[in-house]
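Here's the structure we're looking at; comments come further down.
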Amino acid sequence: MQEKTLGAQKGVKLEKSIEYLTYFMILLFYTGKVFQIFTVLIDILFITLLYIRKDRMFFIKHKKLLIGFTVFFAYLVIQSMFAHDVGAALGNAIGMIRFVILFFALWYIFNTAEKIRKLMYSVITIIVVLFIDSAYQYVKGVDLFGHPLFQNLRLTAWDTKAKLGSFVAVLSGAAVASLFIIKQKWISLVAILMLVLMVFFSGSKGPVVYLVGSVVTVLLFSKAYRKYVLPILLLFSLVLGTVVLTNEKIAKRFEQFKHPLSAQNTSSRNQIYAASVEMLKSHPLLGIGSRNYREVFPSYYQPIYEQKQVKTYSDKKYINNPPLHTHSMLLSFLLNWGVLGTLLFFYILYMIYKEYIRGNEVALLTSIGLFYCIAPFNFGNTIARSQWQFYIFLTLAFVVIFGSYKRLQETEKECHEIS
């Protein structure tokens, strides 16, 4: 009896530790490699918690998903054996397991309405902090830590590179979900406005496209909120127009939207896409393996380069300096995991959609962040990056956590009335 009591006490302490580590992770996830440290800590504590509690219900409840992820990772391990750099592919596949454990850990811990509200306030807090820093950098040219604008134009968010747009992936869906979780709606509206202003004043074209595309796509799937698509597009147009009229440098950058297929916009990417298509033709089912793109690129690009009679600067620069990734999320999935791996992964997402998102408007709107991460019109990131894998599984956790808020709130209310 005493052992059970001690075990229960340890379980409560572990649960509290994971909860507060998560708050700190949300507040600091955008700084360097901090997200990896927090992920490992949370994973270790979560596995220990399950061991102490001997919680079989967890495995019963998530049996289908656990089997799905097991099959998926077994496939990635086998697929890695056929990659050019087996170690890189295998390491990336095994490394992604920590983010899947993180996903289940957060889902397990944030199981009350009160915890979910606290989690939401941590998201709102970091939006406010980033906005203050971004606004200061936009006006002064340097952020609060002295980091200058990237290329004298783009906001950096406490970094030396223009990474602000990436953080929007994590924050956007949660910010919209806050409208249904926080009682003070004005706080949610202010946070959403701050997020939108940061994106449009960031000086980067990509985040604007990804955010607008994700919001519109998700709203079109929503029966209750698809009527807001046109007003939101008008609002985004108004904000973009204001930015363009008030900042000449950003205006020049956004002028490229007038001619999306012009040489100025595509000259640096045509070579990448041409070589990527050839890779996909050669390895359609299994792909080339994660983190193998730069290694494999020269052998596919060299024949394309030699066939060109007139060689431009863009043609020549990739001969000695291969690109890091495909600059296309769709090609990234297909090349890193192959058609088979991509289908397996999206089948897992479909299982989550069918069980926890379909018919749940809050979960659906929260998935704006997830869609931002995996949308085919995202041309700035790759599934092979550990940080982007972290973003995908964190936004997926937000979807199931915030999507469960109303149900938990109603259940707790009923229990309170009974007692």
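Everything numeric here is computed off the predicted structure, so don't read it as measured data.
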For the residue pair F69 and F72, categorise the inter-ring angle as parallel (less than 30°), tilted (30 to 60°) or perpendicular (more than 60°). perpendicular

May I have the step-by-step check of side chain to side chain donor-acceptor pair (under 3.5 Å) for R98 and T39, ending in yes or no? CA-CA 7 Å; R98 60 191 157 155; T39 297; over 6 Å; no

Test L365 against L219 for side chain to side chain contact (heavy atoms under 4.5 Å, CB included), laying out the working first. CA-CA 7 Å; L365 294 176; L219 285 179; 3.6 Å; yes

Please find the pair of heavy atoms, one from N111 and one from Y108, that lie closest to each other, and give the distance. ND2-O, 3.5 Å

From Y353 OH over to N360 CG, what is the distance, rounded to the nearest 0.5 angstrom? 10.5 Å

Considering all heavy atoms of both residues, which atom of S17 and which atom of L45 are nearest to each other, and what is their separation? CB-CD1, 4.0 Å

Indicate yes or no: at least one non-hydrogen side-chain atom of Y225 is less than 4.5 angstrom from one of I232. no

Strictly under 6.0 Å, is that where the ring centroids of F236 and F200 end up? yes

Between N92 and A88 (side chain of the first, backbone of the second, donor and acceptor by atom type, cut-off under 3.5 Å), is there such a pair? no

Stepwise, does the side chain to side chain contact (heavy atoms under 4.5 Å, CB included) test hold for Q79 with M81? CA-CA 5 Å; Q79 180 235 19; M81 299 298 109; over 6 Å; no

Side chain to side chain contact (heavy atoms under 4.5 Å, CB included) between V209 and N378, intermediate numbers included: CA-CA 8 Å; V209 175; N378 187 324; over 6 Å; no

Would you check, one step at a time, whether the test side chain to side chain donor-acceptor pair (under 3.5 Å) holds for Y391 with R385? CA-CA 10 Å; Y391 289 167; R385 281 181 61 203; 5.9 Å; no

Under the 3.5 angstrom rule, does the side chain of Y210 hit a backbone N or O of G380 as a donor-acceptor pair? yes

Using a 4.5 Å cut-off on heavy atoms from C-beta on, say whether the side chain of L234 contacts that of L238. no

Determine, for K16 against E19, whether the closest basic-nitrogen to carboxylate-oxygen distance falls under 4.0 angstrom. yes

If you define the side chain from C-beta out and look only at heavy atoms, does anything of L14 sit under 4.5 Å from T48? yes

Tell me if the CZ atom of F221 is crowded by more than 12 foreign heavy atoms within 6.0 Å. no

Are L27 and V129 packed together at the side-chain level, in the sense that at least one heavy-atom pair is separated by less than 4.5 angstrom? no

Salt-bridge criterion met for E15 and K115 (N-O under 4.0 Å): yes

Within the 4.5 Å heavy-atom criterion, are S367 and L364 side-chain neighbours or not? yes

Whether the side chain of S134 engages the backbone of F131 through a donor-acceptor N/O pair (distance < 3.5 Å, no angle test) should be reported. no

Check the orientation of W388 and Y372. Use parallel for under 30°, tilted for 30 to 60°, and perpendicular for over 60°. tilted

Nearest-0.5 Å distance that lies between atom NZ in K13 and atom CD1 in I18: 14.5 Å

Under a 4.5 Å cut-off applied to non-hydrogen side-chain atoms, are I42 and I101 in contact? no

Note, S178 side chain near I187 side chain (heavy atom, < 4.5 Å): no

Please check if the distance between the ring centroids of Y23 and Y20 is under 6.0 Å. yes

Please report the shortest heavy-atom distance between G341 and Y75, naming the atom on each side. CA-CE2, 3.2 Å

Give a yes or no answer on whether the side chain of Y138 reaches the backbone of L149 with a donor-acceptor pair at less than 3.5 Å. no

D133 side chain to L144 main-chain N or O, any donor-acceptor pair under 3.5 Å? yes

Ring pair (Phe, Tyr, Trp, His ring centres under 6.0 Å) with F46: of F104, F58, F38, only one passes, and it is F58

What's the separation between atom OG1 in T395 and atom CG in L171, rounded to the nearest 0.5 Å? 10.5 Å

Find the distance between OG1 (T382) and CG (L331) and round it off to the nearest 0.5 Å. 10.0 Å

Can you confirm whether F73 is buried at CZ, in the sense that more than 12 heavy atoms of other residues, nucleotides or ligands lie under 6.0 Å from that atom? yes

Which value, rounded to the nearest 0.5 Å, describes the distance between L195 atom CG and I124 atom CD1? 9.0 Å

Is there a side-chain contact between L233 and V229, using heavy atoms and a 4.5 Å cut-off? yes

Just say parallel, tilted or perpendicular for the rings of F393 and F103, cut-offs at 30° and 60°. tilted

Determine the sole option in T411, T112, I116 for which the side-chain contact (heavy atoms from CB on, under 4.5 Å) test with S404 is passed. I116

Counting distance only, does the side-chain N/O of N292 pair as donor-acceptor with the main-chain N or O of D85 below 3.5 Å? yes

Heavy-atom closest pair, residues A384 and N336: CB-OD1, 3.5 Å

W107 ring center within less than 6.0 Å of Y356 ring center: yes

Is the side chain of S222 donor-acceptor paired with the backbone N or O of V218 at a distance under 3.5 Å, no angle test? no

So, T217 side chain and S214 main chain: donor-acceptor pair closer than 3.5 Å or not? no

Smallest separation among heavy atoms of S386 and Q36, with atom names: OG-NE2, 3.6 Å

When you look at F346 and F333, which way does the ring pair (Phe, Tyr, Trp, His ring centres under 6.0 Å) test go after all the steps? CA-CA 10 Å; F346 277 91; F333 277 115; 5.2 Å; yes

Does Q389 reach the main-chain N or O of I383 with its side chain, forming a donor-acceptor pair under 3.5 Å? yes

So, for F35 and F29, is the gap between ring centers shorter than 6.0 Å? no

Donor-acceptor pair, Q137 side chain versus T156 backbone, under 3.5 Å? yes

From OH (Y300) to OH (Y293), nearest 0.5 Å: 11.5 Å

Between the side chains of K118 and E114, is the shortest nitrogen-to-carboxylate-oxygen separation below 4.0 Å, so that they form an ion pair? yes

Regarding R407 and E410, does a basic nitrogen lie under 4.0 Å from an acidic carboxylate oxygen? no

Mind listing the closest non-hydrogen atom pair of A83 and I288 along with its distance? CB-O, 3.5 Å

Determine, stepwise, if the pair H147 / D143 fulfils side chain to side chain contact (heavy atoms under 4.5 Å, CB included). CA-CA 5 Å; H147 296 135; D143 69 3; 3.3 Å; yes

